[in-house]
**Q** 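The structure under discussion is supplied below as structure tokens; questions concerning it will follow.
From a predicted model like this one, the values you see are computed outputs, not experimental measurements.
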Amino acid sequence: VPNVSHLNPRTRKVLAEFGTLYQQQYGLALFNKVRFEIEGTGGPQSQLLHRKVPLEGRSIFSGAVYQYLEENKKWRIRFLFIPDSYNIECFESKQAHDRGQQPKGVISCAGYKVLTSMDEYLELLNNSLPGVKAKAGGPPFPNSATQFPLLLWHPYTRHYCFCVLTEKEHNKWMAVFQDCIRHANNGLPEDNKVQTPAFTDSVRLYRQHHEQYGTWDMMCGRPPQILANLVMETLVPELRNLIGPRLKGKLYQRQRNWMLILDAVYHQVLCQTQAQYEALVQVSYSGQPQLESSIRTDMDQIITSKEHVTSKIRALVQPKAEQLLKDSVEPDITFILEALMEPTSRGFAEVRDLFFRELTDMSNNIQNDGSREKLGEHMEKVSMLAYHPVKMQSCYDKVEQMNLEGLQQKFDVSSPSVFIQRAQILMREQMDNTVYTFEHLLHQSLSDQEGDEVPKIIQRCLDRVMKKYDYDSSTVRKKFFKEALLQIIIPYMLKQLNPSCAQELPRFRELIFEDFSRFILVENIFEEVVLQSAMKDIMLAVREAAVQRKHNLYRDSMILAQSDPNLHMLEENPPIDWAASYGPQDEGGTGDSAELWRRRRQVVSMILLDDWRHLQNESCMEVPGVDGIREEEEESKEEDKAEEEEDDDQNSDPSPVPDPSPEPGSSPTKSPDSVHEIRGLINPMLEVLVPVSELNNPVLTNGLVLQGEEPKSRHIQDDYSKALLNRLLQKEGEPPAWGSVRQAESRLSAGSGQQEAESERFSGTAMQFAVHQQDDSGFQSPVSEGLEDEGQAITAARKVQPVALDPESVMVTFESGDEESELDPISNV
């Protein structure tokens with residue numbers, strides 16, 4: 001990683017040039033703000049209400065996923081929580097989040113892209129470090145936990161790789177991540193009329209001074225992030241030439257190290273831009289009162305001087321601009337507008353249809369169950385419809401089809417993502433405005449007309465809101481088309497006109513008084529003249545599209561001003577709390593039912609409303625343990641182990657090894673090298689003949705009665721512990737207990753006649769013995785003829801299913817005539 005001293009000069013150089021432009025643009029932005037306040041010119045009035053704080057006290061989504069940790073190169077389960085800020089907070093577990101612990105990491109999604117396949121990721125990774133000649137090696141994320149990956153890619157900072165279990169969860173998380181990126185890339189807040197235009201114009205002019213015209217994909221995030229992207233744009237090529245040849249290892253290892261270096265550099269640059277931008281804003285803000293006082297005092301003189309300079313510059317620039325429009329721009333305006341209008345209009349139409357479907361379903365449900373709680377429950381869901389990423393995805397997909405391939409090279413449009421995300425943000429705002437207006441109309445109608453049926457009230461409110469949506473949708477789309485055309489055409493025209501006009505512009509500064517030089521900038525006037533020249537053709541193209549009514553656009557002459565003046569008075573009312581107004585009344589005083597109902601207000605609960613019964617303590621499906629996931633360092637160990645096993649197979653003798661101490665008359669046993677033979681040794685099976693008289697009335701030692709017939713022979717099995725198996729695998733020969741078990745088998749065969757004579761005594765004492773022997777954890781307990789003896793006899797006369805018993809608690813004795821032999825406990829073998 002380069003030293004800070006190596007980065008500081010480059011960062012200071014960029015920020016110094018940017019700071020000069022920002023100071024100039026700050027005075028101009030302040031002048032435009034004050035002039036707008038005095039003149040008060042504006043566009044058509046919106047018909048829908050606007051929600052001031054859309055997601056106050058709500059969260060977007062949460063759930064458990066697999067995450068690949070770069071630090072130890074392992075997959076681990078992490079709990080992700082997305083609050084109303086749309087930052088992704090990572091916790092070790094859901095319990096850590098519920099306890100209020102700090103997240104292990106927070107992902108600001110500005111500038112990221114969501115990738116759903118490893119091929120897309122590898123393509124971007126190869127493009128980030130081109131020209132590297134090395135072996136490919138292993139993949140960057142080995143042994144993916146599932147087949148549904150989600151990768152967050154950023155050109156300058158670290159990447160994140162997640163996995164989910166099912167395709168449904170994959171689509172859900174992808175929609176949520178895209179919503180987070182869309183929100184972070186939305187740009188700076190428009191309510192700040194001075195800092196926002198000053199900053200955006202300064203960034204645009206800085207890039208134009210370096211011959212970079214056209215749209216910029218990294219104009220996203222907070223101002224310090226945008227400035228860091230501005231620095232990295234010039235710094236990355238230098239670092240690539242400096243560090244790229246020095247990287248060692250295989251291809252993926254070099255690429256991984258390269259991204260780690262970029263991440264470290266990016267955070268160093270971001271710390272510097274954060275501090276210097278805050279200092280720059282503080283200096284500008286401290287001088288604002290004096291500047292504003294001068295503007296208000298000399299407003300007329302400033303406007304007159306600016307108009308005089310504008311007329312001079314227009315005489316120089318306008319003929320060239322009109323000729324350029326006629327030759328190179330006008331033939332493409334219709335094509336550009338159609339490429340923008342077709343997918344955008346389909347997206348806004350889908351917003352309308354989605355809202356109509358949701359309200360129709362709600363009306364039908366209330367028709368069947370018109371309870372107060374049901375209405376409140378449905379309205380809680382509808383109120384957050386605009387911020388429901390999964391439901392809104394069908395609307396966003398319509399705009400994703402925007403295609404500007406034929407224009408990218410000529411008009412320097414890197415990708416249509418800037419226009420796609422802007423259209424999607426406008427669609428979400430229109431949906432939220434529509435829902436918010438419907439909420440207030442419905443709440444007011446329910447209060448004034450309690451006698452009417454609720455479905456009829458819903459239908460009347462829906463009709464009113466649909467008309468307002470159609471008008472506002474047309475207004476918003478026409479404004480979007482104009483802005484998009486300007487963002488495509490104006491940079492192209494400035495790039496073509498700048499060589500011939502840049503040398504003559506400085507002489508116009510002599511026409512400006514020094515006191516007004518902070519509010520009249522020649523370079524900005526030059527751009528205004530070019531914009532006004534192009535605006536005529538752009539307005540004409542949009543007007544013709546509205547007259548054709550192809551995309552359901554209203555004509556400019558159709559203005560619904562003050563069509564519903566009483567409606568905008570409701571905008572000042574506080575947001576409607578449907579839970580408090582229509583939620584269940586807590587009559588018992590416990591508050592459990594009301595608290596459970598209020599939890600449905602969360603957006604995450606609405607996302608999982610259809611399948612919430614299948615989930616356990618998470619908002620997405622539970623992620624199983626990671627024990628079965630192979631990790632990167634395990635691969636080499638497994639390869640070595642496989643080689644060792646192969647060598648052992650080649651050196652081992654497959655022929656059986658005779659038992660070193662076989663019993664007389666018995667066949668020699670095989671070597672315990674075979675797993676199947678070892679299982680036969682440690683699980684001996686004794687076959688004992690049982691008198692038929694006992695089978696007629698079997699009694700179990702645990703007090704149960706058998707149902708149905710049983711065979712006349714019985715296999716008694718005893719499972720040794722896994723520790724014994726490990727010992728047997730390490731030793732050769734038969735287990736020490738096998739000889740004792742064989743002796744017991746022979747004695748049982750010799751005493752079968754005596755067991756037949758003693759069968760009546762067994763049946764008489766079985767129930768008495770059952771009182772003392774109630775252990776169900778092992779095989780059936782044996783029954784002895786003499787219970788007063790300390791030993792316990794084994795028999796197979798009781799018909800039960802074999803179950804496992806702790807070997808340490810079993811002692812087996814065998815009786816043959818008057819002689820007794822006692823086996824040691826199996827645990828002592």
**Q** Would you check if the side chain of Ser383 reaches a backbone N or O of Glu380 as a donor-acceptor pair within less than 3.5 Å?
**A** yes
**Q** Below 4.5 Å, heavy atoms only, C-beta onward: do Trp173 and Phe148 meet side chain to side chain?
**A** no
**Q** Measure the CG-NE2 distance between Leu262 and His267 for me, rounded to the nearest 0.5 Å.
**A** 12.0 Å
**Q** Flag the pair Leu247 / Ile261 as yes when at least one side-chain heavy-atom distance between them is below 4.5 Å, and no otherwise.
**A** yes
**Q** Among Trp153, Tyr112, Tyr68, Trp258, exactly one meets ring pair (Phe, Tyr, Trp, His ring centres under 6.0 Å) together with His159. Which residue is that?
**A** Trp153
**Q** I'd like to know whether Lys250 forms a side chain to side chain contact (heavy atoms under 4.5 Å, CB included) with Arg256, so could you lay out the CA-CA distance, the side-chain angles of the two residues, the decisive distance to 0.1 Å, and finally the verdict.
**A** CA-CA 10 Å; Lys250 296 182 179 180; Arg256 177 184 296 171; over 6 Å; no
**Q** According to side-chain hydrogen bond (donor to acceptor under 3.5 Å, both in side chains), who are the partners of Glu358, at least two apart in sequence or on a separate chain?
**A** none
**Q** Using side-chain heavy atoms (C-beta onward) and a distance below 4.5 Å, is Met431 in contact with Leu354?
**A** yes
**Q** Using atom types as modelled and distance alone, determine if a side-chain donor or acceptor of Arg207 lies under 3.5 Å from a backbone N or O of Leu230.
**A** no
**Q** Can Glu350 and Arg346 be counted as an ion pair, charged N to O under 4.0 angstrom?
**A** no
**Q** Cut-off 3.5 Å, side chains only: do Arg477 and Ser345 have a donor facing an acceptor?
**A** yes
**Q** Side-chain contact, heavy-atom cut-off 4.5 Å: Phe419 with Thr344?
**A** no
**Q** Would a 4.5 Å heavy-atom cut-off, applied to side chains only, mark Thr200 and Met219 as touching?
**A** yes
**Q** Does Lys479 have more than 12 heavy atoms from other residues, nucleotides or ligands lying within 6.0 Å of its NZ?
**A** no
**Q** I'd like to check the salt bridge (Lys or Arg N to Asp or Glu O under 4.0 Å) partners of Arg352; sequence neighbours left out, ordered by chain and number.
**A** Asp470
**Q** Mark yes or no for whether Thr215, through its side chain, and Val413, through its backbone, hold a donor-acceptor pair below 3.5 Å.
**A** no
**Q** Stepwise, does the side chain to side chain contact (heavy atoms under 4.5 Å, CB included) test hold for Val114 with Leu152?
**A** CA-CA 5 Å; Val114 182; Leu152 294 179; 3.9 Å; yes
**Q** Any idea which heavy atoms bring Thr146 and Cys163 closest together, and the distance?
**A** OG1-CB, 3.3 Å
**Q** Any sub-3.5 Å donor-acceptor pair from Asp263's side-chain atoms to Met259's backbone N or O?
**A** no
**Q** Got Phe177 and Thr116 here, is their nearest side-chain heavy-atom distance under 4.5 Å?
**A** no
**Q** Identify the heavy atoms of Gln101 and Phe91 that sit nearest to each other, and give their distance.
**A** O-CE2, 3.1 Å
**Q** Given 3.5 Å as the limit, does a donor-acceptor pair link the side chain of Ser202 with the main chain of Phe18, or not?
**A** no
**Q** With distance as the sole criterion, is a donor-acceptor pair present between the side chains of Asp412 and Gln212 under 3.5 Å?
**A** no
**Q** Check for me whether the distance between the ring centres of Tyr387 and Phe61 falls short of 6.0 Å.
**A** no
**Q** On the 0 to 90° scale, with breaks at 30° and 60°, tag the His210-Tyr206 ring pair as parallel, tilted or perpendicular.
**A** tilted
**Q** For the CD1 atom of Ile107 and the OH atom of Tyr160, what is their distance to the nearest 0.5 Å?
**A** 4.5 Å
**Q** If every non-hydrogen atom of Gln225 is compared with every non-hydrogen atom of Ala110, which pair is closest and at what distance?
**A** OE1-CB, 3.9 Å
**Q** CZ/Arg51 to CG/Asp432 distance, rounded to the nearest 0.5 angstrom?
**A** 4.5 Å
**Q** Taking only residues at least two apart or on different chains, which pairs with a member in residues 102-130 satisfy salt bridge (charged side-chain N to carboxylate O under 4.0 Å, His left out)?
**A** Glu92-Lys104
**Q** Taking Thr196 for its side chain and Glu190 for its backbone only, find out whether a donor-acceptor pair lies under 3.5 Å.
**A** no
**Q** Should Gln393 and Asp397 be marked as a side-chain hydrogen bond (donor to acceptor under 3.5 Å, both in side chains) after you check the CA-CA gap, both sets of side-chain angles, and the distance that decides it?
**A** CA-CA 6 Å; Gln393 190 62 35; Asp397 290 341; 2.8 Å; yes
**Q** Any side-chain heavy-atom pair from Leu242 and Glu238 closer than 4.5 angstrom?
**A** no
**Q** With no hydrogens and no angle check, is any side-chain donor or acceptor of Asp217 less than 3.5 Å from a backbone partner on Val418?
**A** no
**Q** In sequence, state the C-alpha distance, the side-chain angles, and the governing distance for Gln255 and Asn126, and then conclude on side chain to side chain contact (heavy atoms under 4.5 Å, CB included).
**A** CA-CA 8 Å; Gln255 293 172 341; Asn126 294 331; 2.7 Å; yes
**Q** For the pair Tyr396 and Ile420, evaluate side chain to side chain contact (heavy atoms under 4.5 Å, CB included) and give the outcome as yes or no after the intermediate values.
**A** CA-CA 9 Å; Tyr396 299 149; Ile420 291 175; over 6 Å; no
**Q** For atom CD of Gln147, decide whether the heavy atoms of other residues, nucleotides or ligands shown that lie under 6.0 angstrom number more than 12.
**A** no
**Q** For Pro389, is there any backbone N or O sitting under 3.5 Å from a side-chain donor or acceptor partner on Asp179?
**A** no
**Q** Taking all atoms of both residues into account, what is the closest heavy-atom pair of Ala228 and Thr273, and its distance?
**A** N-CG2, 3.9 Å
**Q** Any side-chain to backbone donor/acceptor pair from His170 onto Pro149? Under 3.5 Å, distance only.
**A** yes
**Q** Is any side-chain heavy atom of Lys381 closer than 4.5 Å to a side-chain heavy atom of Met362?
**A** no
**Q** Just by distance, do the side chain of Asn186 and the backbone of Arg182 share a donor-acceptor pair under 3.5 Å?
**A** no
**Q** Of the non-hydrogen atoms in Arg76 and Leu69, which two are nearest, and what is the gap between them?
**A** CG-CD1, 3.7 Å
**Q** Have Asn229 and Glu233 got a donor and an acceptor in their side chains that come within less than 3.5 Å?
**A** no
**Q** Can you give me every donor-acceptor pair (side chain of residues 79-88, partner residue at least two apart or in another chain, under 3.5 Å) with its distance?
**A**
residue, atom, partner, partner atom, Å
Tyr86, OH, Arg428, NH1, 3.4

**Q** So is Arg222 actually on top of Tyr277's ring, under 6.0 Å and inside 45° of the axis?
**A** no
**Q** Using 0.5 Å steps for rounding, measure from the CG atom of Asn185 to the CD1 atom of Ile425.
**A** 8.5 Å
**Q** To the nearest 0.5 Å, what is the distance between OH on Tyr121 and CG on Leu115?
**A** 9.0 Å
**Q** Using salt bridge (Lys or Arg N to Asp or Glu O under 4.0 Å) as the criterion, list what pairs up with Glu71, not counting sequence neighbours.
**A** Arg158
**Q** With rounding to the nearest 0.5 Å, note down the distance linking NE2 in His378 to CG in Asp361.
**A** 9.0 Å
**Q** Under a plain distance cut-off of 3.5 Å, with no hydrogens placed, do Gln274 and Glu278 share a side-chain donor-acceptor pair?
**A** yes
**Q** Might you point out which heavy atoms bring Ser117 and Leu151 nearest each other, and give the distance in Å?
**A** O-CD1, 3.9 Å
**Q** With sequence neighbours left out, write down each residue that passes side-chain hydrogen bond (donor to acceptor under 3.5 Å, both in side chains) with Glu400, or none if nothing qualifies.
**A** Gln424
